[in-house]
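Inspection log for the structure reproduced underneath, given as structure tokens.
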Number of protein chains: 2
Amino acid sequence: MNTAASSRPSGTGVQAASKAAGAPPSASRAPAFSPLYQQIKALISQSLQAGEWKSGNAIPSETELAARFQVSQGTVRKAIDELATENLLIRRQGKGTFVATHTEQQVQYRFLRLFPEQGDLGSQGPAQRQIVDCRRARASAQVARKLQLRTGDAVLQIQRVLSYADVPTILEDIWLPAGPFKGLDIGRLQAYPGPMYALFESEFGMRMVRAQEEIRAVLGDEEECKLLQTGPYVPLLSVERIAFTYNDMPMELRHGLYRTDRHHYRNELG
Amino acid sequence: MNTAASSRPSGTGVQAASKAAGAPPSASRAPAFSPLYQQIKALISQSLQAGEWKSGNAIPSETELAARFQVSQGTVRKAIDELATENLLIRRQGKGTFVATHTEQQVQYRFLRLFPEQGDLGSQGPAQRQIVDCRRARASAQVARKLQLRTGDAVLQIQRVLSYADVPTILEDIWLPAGPFKGLDIGRLQAYPGPMYALFESEFGMRMVRAQEEIRAVLGDEEECKLLQTGPYVPLLSVERIAFTYNDMPMELRHGLYRTDRHHYRNELG
DNA sequence: CAGTGGTCTAGACCACTGG
DNA sequence: CAGTGGTCTAGACCACTGC
């Protein structure tokens, strides 16, 4: 803990320690100064994770939160600013601050970076989703490691094909821990009209917050090429994604094979 | 222009218009409200572009800048914050705010996202750079379009191979507008020990600020496979990059072919 | 120790949204 | 019109760096 709040003129201040979620009460060493706004950020983050505010709904106003946490509006503001930068919250001037959701149109392309070779995103229409398979399985050592499970733990394995303008373009294998997604089956997957992450969010309360991808160039094998309706020896983009929910917890492993004859993977280097 | 600064208690304020670089003097329509800190940001940006402060050097302190621009420190602060987020400036507590430079170790991997398959970055040592070719040429229609030149304009064309642990891994073709890089030749390229962007920066005052990449899976042709010392029909990552300097001006076109048998392209989706 | 960026506050006013 | 986020100010104090 620290004394960041000790400069407050009056005694109205809350004990700083009471705000620090899990802060060591003068621990043995290296208290690691953490500013007030970071503590507020952590508290808001916890409320988000606990589901205190629903996806797409507004959170309390800055003024309200400032009163609740007994800090100034500016401090709440800085906390919210960072959460908005991390795409956990969305600010809308004049309306309020909202819990980010995968249902919004704008968020669609935050995780899928495949763009048509020419023309804009709208020119080809939305993807057609076809679920090939959805079964329960046991996690291999590799899958378990990446999802932070134990080898042999129950997982759901989904295979699907995404097509654009009736051209099969993406073949995906998806692994999910069985526990958090209990009740998910091929029927529900086929019934849901929107993006898969929107389904995870609305039906399982599981919000994917960030992801990491490793990309390689590969040759599709026979079965893969068949599903993508290409000839043999076609070079494909292999995209392995680990998606994380709150607290940097890995919640999905996804292996995609992308045809890049009519599309490309786009990346911005800032 | 707007009246964002009109709430200042005394007349000490500068005329807001005098800060707005090129702001329309009550233009016909849509004055497009621009906050003070954005105007300050633009001014600092211009100073950066004009080379008022050298790469790696400190810019004036927040207090100084606040005095110069006749605004509060907090306003300067917000401007600098955004420039730091965009990697144009680097803040160092207790020391000052510095002009970002490609010479720093940390910045190396901001544009090169190829990572060794296992082990950390240090385990393989730095890349060995081998310049294959550097010649003057005329811009093709495609190259001209991407560099915002005219077809036939003079360009420099560079080809090089990057190797890790003596394994050729990246084959790159680079196009530069001849004007800004006058005097660049194969000798200077070979003589320079650091990253190419550091050379551009220190010897031509040209700082690459952001870039955009399009990635595809391809099969290398005979010549390409020969330079990369692979067999034929090896799938390779095709990475086409446009790098921009200040003002979103495209300054480099780069086509890379990456072997991904020992490395992968890593991407964070935030 | 002085100088830098970093945090926090309190209060004012502006821009935007919707009833 | 009230309520929201967005901007701006002024001043205090904290944390870090280097002389």
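In what follows, chains are A, B, ... by sequence order, proteins preceding strands, each numbered from 1. Worth saying up front: this structure is predicted, and the values here are computed from it rather than measured.
- The distance between atom CZ of A/Phe98 and atom C1' of C/dG18, rounded to the nearest whole Å, is 12 Å.
- Residue A/Lys78 places at least one side-chain N or O under 4.0 Å from the OP1 or OP2 atom of C/dT7.
- Nucleotide D/dC16 holds its P atom 7 Å from the CZ atom of A/Phe33, rounded to whole Å.
- Ranking D/dC8, D/dG5, C/dG5 by closeness to the B/Tyr37 side chain, first place goes to D/dC8.
- Using a 4.0 Å cut-off between charged nitrogen and carboxylate oxygen, B/Lys146 and B/Glu214 do not count as a salt-bridge pair.
- In this structure, B/Thr63 reaches neither bases nor backbone, as no heavy-atom distance under 4.0 Å exists between it and the strands shown.
- We find that A/Arg113 and A/Glu213 are not joined by a salt bridge, their nearest charged nitrogen and carboxylate oxygen being 4.0 Å or further apart.
- Residue-level contact check: A/Arg77 touches the bases, meaning some heavy atom is under 4.0 Å from a base atom.
- Between the P atom of D/dC8 and the CG atom of B/Asp81 lies a distance of 13 Å, rounded to the nearest Å.
- Comparing atom distances between the B/Gln93 side chain and each of D/dC16, D/dT9, D/dT7 picks out D/dC16 as nearest.
- Nearest to the side chain of A/Val71, among C/dT9, C/dT17, D/dT7, sits C/dT9.
- The CZ atom of B/Phe69 sits 16 Å away from the C1' atom of D/dC8 (whole-angstrom rounding).
- Here D/dC8 is the nucleotide among D/dC8, D/dG5, C/dG5 with the atom lying nearest to any side-chain atom of B/Pro35.
- One can place CD of B/Glu64 at 11 Å from C1' of C/dG3, the figure rounded to the nearest angstrom.
- Mapping B/Gln73 and B/Val76 onto DNA chain D via the closest heavy atom, the residue that lands nearer the 5' end is B/Val76.
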Could you walk me through whether A/Ile44 and A/Leu88 pass the side-chain contact (heavy atoms from CB on, under 4.5 Å) test, one step at a time?
-> CA-CA 10 Å; A/Ile44 296 176; A/Leu88 298 186; over 6 Å; no

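- Note on A/Lys95: a side-chain N or O is less than 4.0 Å away from OP1 or OP2 of C/dG18.
- In this view, B/Arg145 and B/Gln142 satisfy the side-chain contact (heavy atoms from CB on, under 4.5 Å) rule, not counting sequence neighbours.
- Judged by Watson-Crick or G-U wobble contacts below 3.5 Å, the nucleotide C/dG3 has D/dC16 as its partner.
- Under the Watson-Crick or G-U wobble criterion, with both distances below 3.5 Å, D/dA10 is paired with C/dT9.
- Between A/Thr97 and the phosphate of D/dG5, there is a side-chain N or O to OP1/OP2 separation shorter than 4.0 Å.
- Nearest-nucleotide mapping onto DNA chain C: of A/Ser72 and A/Gly94, the residue sitting toward the 5' end is A/Ser72.
- For the residue pair A/Tyr192 and A/Glu203, no side-chain donor N or O sits within less than 3.5 Å of a side-chain acceptor on the partner.
- Going from atom CG of A/Leu36 over to atom P of C/dC8 covers 4 Å, rounded to whole Å.
- In this structure, B/Ile40 atom CD1 and D/dG6 atom C1' are separated by 17 Å, rounded to whole Å.
- Under 3.5 Å, the side chains of A/Tyr37 and A/Asp81 contain no donor-acceptor pair of N or O atoms.
- Here the C1' atom of nucleotide C/dG5 and the CD1 atom of B/Ile90 are 14 Å apart, to the nearest Å.
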